[in-house]
Number of protein chains: 2
Amino acid sequence: MRLVIARCSVDYVGRLKAHLPLATRLLVVKADGSVLVHSDGGSYKPLNWMSPPATMRVAAAVEAELEEGVAEQWTVQSAKTDDRLIVNVHQILHDSSHELGVDPGLVKDGVESDLQRLLAEQIETLGTGYSLIRREYYTAIGPVDILARDASGTTVAVELKRRGDIDGVEQLTRYLELLNRDPLLAPVRGIFAAQQIKPQARVLAADRGIDCVTLDYDAMRGVDDVESRLF
Amino acid sequence: MRLVIARCSVDYVGRLKAHLPLATRLLVVKADGSVLVHSDGGSYKPLNWMSPPATMRVAAAVEAELEEGVAEQWTVQSAKTDDRLIVNVHQILHDSSHELGVDPGLVKDGVESDLQRLLAEQIETLGTGYSLIRREYYTAIGPVDILARDASGTTVAVELKRRGDIDGVEQLTRYLELLNRDPLLAPVRGIFAAQQIKPQARVLAADRGIDCVTLDYDAMRGVDDVESRLF
DNA sequence: TCCTCGATTTCGTCG
DNA sequence: CGACGAAGTCGAGGA
């Protein structure tokens, strides 16, 4: 990994065009050829970048076509597409290279799959007498988060979100249309379950005959912890 | 901006929990208190991070609670939420600080709004005799990208995407349902316009009676350039 | 301020 | 390899 602090202007040409005027920035060149252009603020997204795999070519200032004040020009070319990042380096203020090795990678806990696992374990959160058929019920148009049966034995498709938006209701509607064509499952009811459900999503769900359930993840996790401690 | 190359382990606690085992990584501390943890690969997304505004507290190794081999512990606390990033620094291999100043920011060309402007100017791309009613036609459920009239005088709602996906067709369908309730506009046809349209989106659109149009942004921009040169 | 939508989204996973 | 859905998504623009 190479770290450069430089006064530079940057141009990106590819899926769109983007230009960065002359200023001092951090340039990160990674081992896989990817390049990040960061300013001293903003979030984790760089001002400009090139995704790997890519190769970098450095042209010295002697070449006549370089604009005024450019010490060297970096051309970062994507290996797969014709996307290109051009860095006009005017002045290098810092330049260092480092061996990092391969990273063991991130371990996450608390993403949607965890919420799904918890709801599957505590399926009666949806109502008394509910039983789990299966998680990740695969269909031709994508996986239904949870398939269950309610107290009366009716099949229930559950769409699970952290934030319940209109798109989620649309998604569940598509699944319900498909599932209701299967005579072994039909009729299938829908439940839209989320930690927070937007009013518009609630209205649309009601219009489609879909029930909404608000989930308390902390409480569900708490129950899970208590249950875990018993073993 | 402070750049540190260090052997470290990292833990994030907040909306979820995440853990990074001990390895050598790049740590970037920005002026607004945000911190990025990068490995020597992957694309622009850090392995772990803290969004601004945030504050960092450094605890020396003398404190008894620190685990084996930790030289110092960084606690990065979000100013707005209770999200927290903890970096256990075992060994610092590089450490430098730099003044970057404020960045003038990125200038983009070719995003959806540009495509929308071009299509509005060249509305006959959709067919002979088309005329523009207006861009960003606001409805209760969101703005319709372009509202136009075809050669026969029928109202046409256009949904514009760079990549035409199923979600875009759903979105346009919702708009059409709403617009068709307005007796001043009805009947309203739908056109799904994108640089690339996925086969499944095409099938769904056909099923809903929505026409699909593939746009050539380069060609449209070319026409725009030629027109611009005339002035 | 909240909400909605786009993004050079990136990233994982399954068919 | 394509397709679909999640993300600690982030960021911009209008209500």
Side-chain angles (χ1 to χ4, degrees), chain A residues 10-18 34-37 41-52 54 76 78 80-85 105-106 108-116 136 138-145 159-163 165-168 170-172 174-175 194 196 198-201, chain B residues 11-18 34 37 42-52 54 78 80-85 105-106 108-116 136 138-145 159-163 165-168 171 194-196 198-201:
Chain A
V10 185
D11 287 279
Y12 165 75
V13 182
R15 277 160 283 188
L16 57 64
K17 291 179 183 177
S34 59
V35 174
L36 317 183
V37 182
S43 77
Y44 66 70
K45 193 174 182 178
L47 294 165
N48 228 324
W49 72 93
M50 178 55 66
S51 304
V76 186
S78 166
K80 288 188 170 176
T81 69
D82 55 2
D83 290 23
R84 188 177 300 180
L85 190 74
L106 191 66
K108 285 187 187 180
D109 170 44
V111 288
E112 201 205 73
S113 62
D114 296 294
L115 195 56
Q116 190 187 109
E136 298 283 351
Y138 282 94
T139 71
I141 57 172
V144 178
D145 288 338
E159 177 62 37
L160 196 57
K161 294 283 179 193
R162 283 182 346 106
R163 281 172 29 184
D165 226 341
I166 260 185
D167 285 359
E170 297 284 12
Q171 197 179 334
L172 179 53
R174 288 201 299 274
Y175 291 144
Q196 184 200 20
K198 296 288 171 68
Q200 296 210 345
Chain B
D11 287 279
Y12 164 77
V13 181
R15 275 160 283 191
L16 58 66
K17 293 178 184 178
S34 60
V37 182
S43 94
Y44 69 70
K45 193 173 181 179
L47 294 166
N48 228 323
W49 73 94
M50 179 55 66
S51 303
S78 167
K80 288 188 172 179
T81 68
D82 56 359
D83 291 23
R84 186 177 301 180
L85 191 73
L106 190 66
K108 286 186 185 182
D109 169 46
V111 288
E112 203 205 75
S113 62
D114 297 297
L115 198 54
Q116 189 188 110
E136 300 282 353
Y138 283 94
T139 72
I141 57 171
V144 179
D145 288 339
E159 177 63 33
L160 195 59
K161 294 283 178 193
R162 286 190 341 110
R163 281 171 31 186
D165 227 339
I166 263 185
D167 283 0
Q171 200 177 334
Q195 289 184 267
Q196 183 201 19
K198 295 289 173 65
Q200 298 211 351

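Here is how names work: the chains are called A, B, and so on, in the same order as the sequence lines, proteins then strands, and each is numbered from 1.
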Exercise. Closer than 4.0 Å, any side-chain N/O of B:Lys161 to the OP1 or OP2 of C:dG6?
Worked result: yes
For this session: Take atom CG of A:Asp109 and atom C1' of D:dA6, then tell me their distance rounded to the nearest Å.
Result: 16 Å
Exercise. From A:Leu115 CG over to B:Leu16 CG, what is the distance, rounded to the nearest 0.5 angstrom?
Worked result: 12.0 Å
Problem set entry | Between C:dA7 (C1') and B:Gln196 (CD): distance, integer Å | 15 Å
For this session: Just call it for B:Pro52: base, sugar-phosphate, or nothing, with non-hydrogen atoms closer than 4.0 Å on any strand.
Result: nothing
Exercise. Please walk me through it: do A:Val35 and A:Leu85 pass side-chain contact (heavy atoms from CB on, under 4.5 Å)?
Worked result: CA-CA 9 Å; A:Val35 174; A:Leu85 190 74; 4.2 Å; yes
Problem set entry | Pairing residues for A:Asp109 by the salt bridge (charged side-chain N to carboxylate O under 4.0 Å, His left out) criterion, not counting sequence neighbours | none
For this session: Determine the interatomic distance between P on C:dT8 and the same-named atom on D:dG5; round to the nearest Å.
Result: 22 Å
Exercise. What is the distance from CG of B:Asp83 to C1' of D:dG8, rounded to the nearest Å?
Worked result: 7 Å
Problem set entry | Sugar-phosphate only, base, or nothing, as touched by A:Arg174 at under 4.0 Å among non-hydrogen atoms | sugar-phosphate
For this session: For DNA chain D, just give me the dot-bracket, please: Watson-Crick or G-U, both distances below 3.5 Å, ( ) intra-strand, [ ] crossing earlier pairs, | paired with another strand, . unpaired.
Result: |||||||.|||||||
For this session: Name the nucleic acid region contacted by A:Gln171, choosing base, sugar-phosphate or nothing; use a 4.0 angstrom heavy-atom cut-off, strictly under.
Result: sugar-phosphate
For this session: Mind checking the CZ-CE spacing from B:Arg84 to B:Met50? Nearest 0.5 Å is all I need.
Result: 9.0 Å
For this session: Measure the distance from NZ on B:Lys80 to C1' on D:dG11 and round it to the nearest whole Å.
Result: 13 Å
Exercise. CG of A:Leu36 to NZ of A:Lys45: how many Å apart, nearest 0.5 Å?
Worked result: 12.5 Å
For this session: Determine the contact category for A:Gln200: base if any of its heavy atoms lies under 4.0 Å from a base atom, sugar-phosphate if only primed atoms, P, OP1 or OP2 are that close, otherwise nothing.
Result: sugar-phosphate
Exercise. Under 4.0 angstrom, heavy atoms only, what part of the nucleic acid is A:Ile141 near: base, sugar-phosphate, or nothing?
Worked result: sugar-phosphate
For this session: Mind checking salt bridge (charged side-chain N to carboxylate O under 4.0 Å, His left out) for A:Glu170 and listing every partner two or more places apart, or none if nothing turns up?
Result: A:Arg208, B:Arg174
Exercise. How many Å lie between CG on B:Leu47 and C1' on D:dG8, as a whole number?
Worked result: 14 Å
Exercise. Reckon B:Gln116 touches a base, only the sugar-phosphate, or nothing at all at heavy-atom distances under 4.0 Å?
Worked result: nothing
Problem set entry | Those residues that, when tested against A:Asp114, pass salt bridge (charged side-chain N to carboxylate O under 4.0 Å, His left out) (two or more places apart) | A:Arg117
Seminar exercise, completed: The contact string for nucleotides 10-15 of chain C, one letter per nucleotide 5' to 3', using protein heavy atoms under 4.0 Å with B, S and - for base, sugar-phosphate only and none, comes out as SS--SS
For this session: Would you give the length of the straight line joining atom CD of A:Gln116 to atom NZ of A:Lys161, rounded to the nearest 0.5 angstrom?
Result: 11.0 Å
Exercise. Measuring from B:Gln171:CD to A:Ile166:CD1, what's the distance to the nearest 0.5 Å?
Worked result: 9.5 Å
Seminar exercise, completed: Sorted by position of nearest nucleotide on DNA chain D, 5' first, the leading residue of B:Asn48 and B:Ala201 is B:Ala201
Problem set entry | Distance below 4.0 Å between A:Lys198 side-chain N/O and C:dC3 OP1 or OP2 | no
For this session: Check whether any side-chain N or O of A:Tyr175 sits under 3.5 Å from a backbone N or O of A:Pro143 as a donor-acceptor pair, and report yes or no.
Result: yes
For this session: Using a heavy-atom cut-off of under 4.0 Å over every strand shown, decide if A:Met50 touches base, sugar-phosphate, or nothing.
Result: nothing
Problem set entry | Residues forming a side-chain hydrogen bond (donor to acceptor under 3.5 Å, both in side chains) with A:Tyr12, sequence neighbours excluded | A:Asp83
For this session: Give a yes/no on whether any side-chain N or O of A:Tyr175 is located under 4.0 angstrom from OP1 or OP2 of D:dG5.
Result: yes
Problem set entry | Interatomic distance, A:Asp167 CG vs D:dA6 P [rounded to whole Å] | 10 Å
For this session: Measure the distance from CD on B:Glu136 to P on C:dT4 and round it to the nearest whole Å.
Result: 16 Å
Problem set entry | Closest to the A:Ala18 side chain, choosing from C:dT8, D:dG8, D:dG5 | C:dT8
Problem set entry | Value in whole Å for how far the P atom of C:dT4 lies from CG of A:Asp165 | 6 Å
